[in-house]
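Heads up: the structure comes next, in structure tokens.
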Amino acid sequence: MATFRQRALDEVSAHQPSRYFVEEGPVSGYFGKNVFSIDKMRGYVSQRAYDAVIAAVKYGEKLDRSVSNEIASGMKAWATEMGATHYTHLFQPLTDSTAEKHEAFISVKDGKPFERFNGSALVQQEPDASSFPNGGLRNTFEARGYSAWDPSSPVFLLDGTLCIPSVFVAYTGEALDTKVPNLKSLQALSDAAVSVASLFDDSVKSVHVNLGIEQEYFLVDESLYNARPDLVLCNRTVIGHTSAKDQQLEDHYFGAIPSKVSAFMKDFETEAYKLGILLQTRHNEVAPNQFECAPVFCDAITAIDQNMMLMILMQKVAEKHHLKVIFHEKPFDGVNGSGKHCNWSIVTNTGVNLLSPGKTPDKNLQFLSFYAAVVKAVYDHHYLLMTSVASLSNSYRLGGNEAPPAVMSVFSGSTLYNIFESIIKMQNLREEKKDLESIKIVNSVPEILPDNTDRNRTSPFAFTGNRFEFRAVGSSVNVGSAVYVLNSVVAESLLNFRRRVDELLAAGEEFSNAVMTVIREFIISSQDILFEGNGYSKEWEAEAEKRGLRAVRNVPDAYEVYHEKATVDLFSRLGVLAPNEVEARYEILNETYVKKLQIEARVIGDICLNHVIPASIRYQNLLIENVRGMKEIFGNGYEDLCAAEISTLRKISVFINRLSKDVEGLVEARKKANAIQDIAARAKIYSVDVKNMMDKVRESADQLEMLVDDEMWPLPKYRELLFL
Ligand code: ADP
Ligand code: MG
């Protein structure tokens with residue numbers, strides 16, 4: 001009887017590369033075709049309605065009922081022309097995915113069918129929200145939450161459905177999604193950045209964030225994927241012995257893209273272009289079957305929306321190619337995990353990138369102000385920032401020896417680092433020679449040109465010439481949950497920066513001296529976060545501890561940062577999250593952690609009982625039969641002849657026993673943890689006791705994989721998942 005694995009392996013060879021979405025002509029001809037952009041809207045609505053949308057996008061003004069009906073009918077006209085039959089509000093609940101509930105346009109009145117979609121359906125929907133996590137903000141019996149179109153994100157078509165990017169809030173107004181705090185943090189950051197930028201240029205009226213999100217992922221053949229219950233249910237392998245060859249030859253990185261994969265890439269790129277997603281790079285990543293794509297950066301909200309759309313799109317397109325996309329941070333032990341690098345910069349309404357070093361001393365002063373404020377922000381809230389990317393799945397990756405460490409640091413590159421050193425060493429500005437000194441330092445760096453090749457890939461937060469790259473963010477998440485934290489901490493730091501400059505100015509300090517003094521104070525007080533060396537090394541771990549930097553060693557422990565006063569105050573002062581919203585997030589994070597680990601623990605138990613142990617027993621029986629036969633033929637002395645079989649038999653028996661015992665232990669550990677009422681306390685027990693038992697179980701299972709006859713092993717092996 002063929003195993004599930006053997007059948008899957010046969011199917012793999014039948015999956016041939018081919019293209020499904022081919023568009024004629026250059027990309028510019030169909031770019032954005034599936035997006036109802038503001039420009040397109042012009043052809044479908046009156047000037048009044050059009051102006052109202054512009055006001056909503058630009059100044060956050062509310063759309064009133066009369067125009068929203070008109071806009072909805074314009075959208076419907078465009079969507080149905082394009083063949084759409086349904087519409088859906090698409091929002092970003094606190095589960096890290098997107099949520100959608102499709103409604104048909106079709107309706108009947110007086111026996112006549114017609115397409116219906118009015119302003120109220122556009123502006124507000126009441127999904128049965130009770131099943132989305134809300135951290136106690138909304139009792140299930142009320143089940144009232146609503147989603148509302150966020151006009152700053154255009155509607156678009158996906159699979160014949162008009163998708164309406166929305167925010168998701170409780171009826172009482174609290175945010176139940178990732179987008180609302182993001183929008184608020186962007187506003188807070190804009191206000192704070194304007195307060196500092198206007199010291200240098202009073203024409204700066206607003207500041208926005210640009211994000212370029214690199215997406216790493218694995219591809220696995222669909223048949224092999226389906227033959228692995230752990231991939232299907234947990235998106236990662238909970239057992240599996242590492243392959244004899246994995247990434248040690250480094251032959252995959254930037255290697256030729258296999259033709260099956262490139263057909264898939266071209267297809268999802270074509271579809272992404274139609275959605276206005278400007279994908280620019282694609283390449284192999286370090287691990288076998290690991291790849292990356294990156295769009296050109298754009299404003300933060302669009303970048304985040306597009307990344308979420310891209311993930312949906314990639315899954316859909318992959319189906320046509322008999323492939324599965326794995327966004328999990330660590331689907332395979334022993335090879336690199338995946339991240340989602342967030343390239344983050346802040347730009348003024350006048351088009352100046354505030355993180356781009358200038359050519360003149362005064363521009364450099366502005367650049368150094370912003371740089372110092374970011375560094376101080378990251379230092380002050382390093383634990384919160386690291387926690388903003390902490391999740392069960394990312395915990396399998398972070399702190400491993402090929403992923404960003406679990407402790408925050410900032411890499412600046414040698415040019416900037418040297419400048420900071422000289423700023424730190426600079427004589428106290430309060431001393432007599434103050435003017436001379438400050439002018440010297442300002443003038444001695446007329447042009448800061450950090451070397452773009454001066455990269456440090458081991459830093460979780462690296463400056464790369466004109467932006468910071470937050471590299472610790474996980475590949476499966478909505479980056480919004482890390483970005484609003486980053487925006488918030490920087491906003492707070494910029495406000496402090498401005499306040500301190502004002503103090504010095506009020507005390508009669510000359511302007512550039514005042515600014516330079518604050519830059520220096522900021523850098524001195526946060527220099528412990530600056531680190532230029534190898535972030536993956538053991539030495540850094542020890543050094544970071546010596547510097548008092550807090551590492552995220554255990555995820556539920558890290559979540560306690562949401563109970564710290566500095567965190568709660570930060571978000572409420574800036575108006576990003578009220579204390580009860582922070583508390584809700586804390587609960588949801590713990591709940592999600594427990595649920596995911598619970599599923600993993602069940603799956604590993606089931607796989608061991610239903611796949612590993614039965615296959616091992618089958619092989620054990622084969623060996624027993626063999627030994628018995630040998631005894632029959634050779635009589636005394638058979639033991640010498642069967643030494644190898646007997647030794648294997650012994651090992652198999654030992655591991656089968658150990659495995660069943662440990663699976664029982666795992667069930668016990670789960671039961672004990674589940675009995676704990678408090679969700680945070682339960683998460684902590686899960687993170688230690690249940691996880692440790694899972695490690696033990698995996699050890700025996702992986703040993704058995706190496707002992708059992710390959711033909712009898714029921715689960716696709718690493719070498720097949722990673723190399724086919
Ligand atoms: P690497 O893999 O070397 O880090 P990539 O080229 O894959 O770099 O990705 C870099 C990302 O950074 C792209 O999405 C790019 O558009 C984005 N990016 C470039 N400049 C900026 C900027 N000023 N602000 C934000 N993102 C940027
Ligand atoms: Mg990168």
Side-chain angles (χ1 to χ4, degrees), residues 178 182 185-186 189-190 193 207-217 272 276-283 285-286 291-311 327 329 337-348 351-357 367 370-371 373-375 377-378 385-386 388-389 394 398 403-404 408-413 415-416 448-491 535:
T178 313
N182 236 317
S185 74
L186 288 165
L189 179 59
S190 175
V207 164
H208 74 271
V209 169
N210 275 338
L211 265 190
I213 306 172
E214 301 164 52
Q215 177 72 56
E216 293 179 331
Y217 60 96
I277 304 173
L278 200 63
L279 287 176
Q280 193 181 35
T281 59
R282 60 160 106 113
H283 60 77
E285 261 302 324
V286 177
F291 305 91
E292 180 189 299
C293 61
V296 173
F297 67 89
C298 58
D299 80 272
I301 289 294
T302 308
I304 294 169
D305 282 356
Q306 291 194 339
N307 178 255
M308 301 307 285
M309 274 147 57
L310 189 66
M311 288 168 76
F327 289 116
E329 284 76 2
S338 302
K340 187 135 64 179
H341 299 175
C342 282
N343 293 270
W344 180 94
S345 63
I346 37 183
V347 185
T348 64
V352 175
N353 177 352
L354 294 164
L355 293 174
S356 189
F367 162 72
F370 278 88
Y371 198 98
V374 174
V375 169
V378 176
L385 262 181
M386 214 56 200
S388 76
V389 303
N394 214 11
L398 292 185
M408 187 50 87
S409 65
V410 178
F411 170 83
S412 305
T415 315
L416 268 178
I448 308 172
L449 289 175
D451 184 356
N452 265 322
T453 58
D454 187 8
R455 299 289 289 271
N456 181 327
R457 297 192 178 271
T458 66
S459 171
F461 200 82
F463 184 64
T464 51
N466 61 359
R467 61 188 186 270
F468 282 96
E469 186 175 351
F470 193 2
R471 303 174 65 255
V473 185
S475 50
S476 70
V477 300
N478 177 340
V479 301
S481 51
V483 169
Y484 80 75
V485 177
L486 177 57
N487 293 340
S488 302
V489 298
V490 174

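If you're wondering where the values come from, they're calculated on a predicted model, not measured in any experiment.
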Q: Taking the side chain as every heavy atom from C-beta outward, state whether Thr348 and Val207 have any atom pair closer than 4.5 Å.
A: yes
(Q) To check you understand the geometry: which heavy-atom pair defines the closest contact between Glu216 and Ser475, and what is its length? (A) O-CB, 3.6 Å
Q: Rounded to the nearest 0.5 Å, what's the gap from SG on Cys293 to CD1 on Ile277? Could you check?
A: 9.0 Å
Q. Can you tell me how far the CG atom of Asn182 sits from the CD1 atom of Ile301, to the nearest 0.5 Å?
A. 4.5 Å
Q) Does any N or O in the side chain of Asn466 come within less than 3.5 Å of the main-chain N or O of Asn353, such that one atom is a donor and the other an acceptor? A) no
Q. Atom CD in Glu292, atom OG1 in Thr281: separation rounded to 0.5 Å?
A. 5.5 Å
(Q) Going by salt bridge (charged side-chain N to carboxylate O under 4.0 Å, His left out), name the pairs with one or both residues in residues 294-311, residues two or more places apart or in two chains. (A) Lys179-Asp305
Q) Any luck finding a side-chain donor-acceptor pair between His341 and Asn343 under 3.5 Å? A) no
Q. Does the side chain to side chain contact (heavy atoms under 4.5 Å, CB included) test come out yes or no for Leu310 and Leu279, once each step is laid out?
A. CA-CA 10 Å; Leu310 189 66; Leu279 287 176; 4.0 Å; yes
Q: Output all residues satisfying side chain to side chain contact (heavy atoms under 4.5 Å, CB included) with Ala472, sequence neighbours left out; order by chain, then residue number.
A: Met386, Val389, Leu398, Pro404, Pro460, Phe470
Q: Measure the CG-OH distance between Asn478 and Tyr484 for me, rounded to the nearest 0.5 Å.
A: 10.0 Å
Q: For the residue pair Tyr371 and Phe468, categorise the inter-ring angle as parallel (less than 30°), tilted (30 to 60°) or perpendicular (more than 60°).
A: tilted
Q.
Please report the interatomic distance CD(Gln306) to CG(Leu211), rounded to the nearest 0.5 Å.
A. 11.0 Å
Q. So do the side chains of Phe297 and Val347 get within less than 4.5 Å of each other, counting heavy atoms only?
A. no
Q) Minimum heavy-atom separation for Gly465 to Pro357, with atom names? A) O-CD, 3.4 Å
Q) What is the minimum heavy-atom distance between Ser459 and Val410, and which atoms define it? A) OG-C, 4.3 Å
Q) Rounded to the nearest 0.5 Å, how far apart are CG of Leu189 and CD1 of Ile346? A) 5.5 Å
Q | Student check: side-chain heavy atoms of Tyr217 and Ser338 closer than 4.5 Å | A | no
Q.
With a 4.5 Å cut-off on side-chain heavy atoms, are Val479 and Trp344 touching?
A. no
Q) Side chain of Arg471, backbone of Gly339: donor and acceptor closer than 3.5 Å? A) no
Q | Closest heavy-atom pair and its distance - Val477, Lys340 | A | O-NZ, 2.8 Å
Q. If you look at every heavy atom in Leu186 and Ala300, which pair is closest and at what distance?
A. CD2-CB, 4.1 Å
(Q) Quick check: closest heavy atoms across Thr458 and Gly535, and the distance to 0.1 Å? (A) OG1-N, 2.8 Å
